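Below: the structure, in structure tokens.
The model shown is predicted, which means the values in this text are computed figures rather than measured ones.
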Amino acid sequence: MMENESVDGMTVNERLFHFGLFDKFDSAVRARDSDRLVQVLLLAKLSEEAAIQTATTVLADPKRYGF
């Protein structure tokens, strides 16, 4: 089994739940800490490109994502 196979097809929220990262994700968004947010997303097994894009999108309009 490939390392990422178990999370292939999961949404970001599903991955955050699967790895128990919701609190770290929320904390990074509330702090507006892009670097920390990317690191959390990498822990959720997003690619580096996807982690950066997701962090940039969320931090550009946090209210849209409930922050």
Side-chain angles (χ1 to χ4, degrees):
M1 178 184 284
M2 293 176 22
E3 180 179 322
N4 290 340
E5 189 173 342
S6 66
V7 296
D8 285 349
M10 285 187 184
T11 66
V12 172
N13 281 342
E14 289 169 334
R15 288 172 184 234
L16 293 171
F17 177 79
H18 178 78
F19 291 108
L21 296 170
F22 268 118
D23 289 340
K24 289 181 181 195
F25 179 86
D26 290 354
S27 176
V29 174
R30 285 191 183 99
R32 307 297 193 260
D33 187 333
S34 179
D35 291 337
R36 188 166 47 141
L37 185 54
V38 168
Q39 291 305 310
V40 171
L41 293 166
L42 290 172
L43 290 172
K45 304 296 185 197
L46 271 71
S47 68
E48 184 173 358
E49 180 181 343
I52 292 168
Q53 182 180 8
T54 301
T56 301
T57 300
V58 171
L59 293 177
D61 190 5
K63 288 183 182 180
R64 179 177 183 180
Y65 299 97
F67 294 94

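Among all heavy-atom pairs drawn from F22 and N13, the shortest one is CZ-O, 3.5 Å. Minimum heavy-atom separation, A28 to R36: CA-NH2, 3.7 Å. Minimum heavy-atom separation, K45 to R15: O-NH1, 2.7 Å.
Contact annotation: the side chain of F19 never approaches that of L43 to less than 4.5 Å [non-hydrogen atoms, C-beta and beyond]. Taking the side chain as every heavy atom from C-beta outward, V40 and L16 approach each other to under 4.5 Å. Looking at R30 and P62, their side chains never come closer than 4.5 Å, going by heavy atoms from C-beta outward. At a threshold of 4.5 Å between non-hydrogen side-chain atoms, the residues D35 and Q39 do not count as touching.
In this structure, NZ in K24 is found 13.0 Å from CG in L37, a value given to the nearest 0.5 Å.
Counting only distance, with no hydrogens or angles, the side chain of S27 and the backbone of D23 share no donor-acceptor pair below 3.5 Å.
Under the 4.5 Å side-chain heavy-atom criterion for ILVMFWY residues, a single connected hydrophobic cluster contains both F25 and L59. Placement of I52 and V29 in two distinct hydrophobic clusters is found when ILVMFWY residues are connected by side-chain heavy-atom separations under 4.5 Å, directly or transitively. Neither V38 nor L21 shares a network with the other; the hydrophobic side chains, linked directly or stepwise wherever heavy atoms of I, L, V, M, F, W or Y lie under 4.5 Å apart, form separate groups for each.
Within the structure, side chain to side chain donor-acceptor pair (under 3.5 Å) pairs that include any residue of residues 58-67 do not occur (at least two apart or interchain).
Applying the 6.0 Å contact sphere to CD of E14 captures more than 12 heavy atoms from other residues, nucleotides or ligands.
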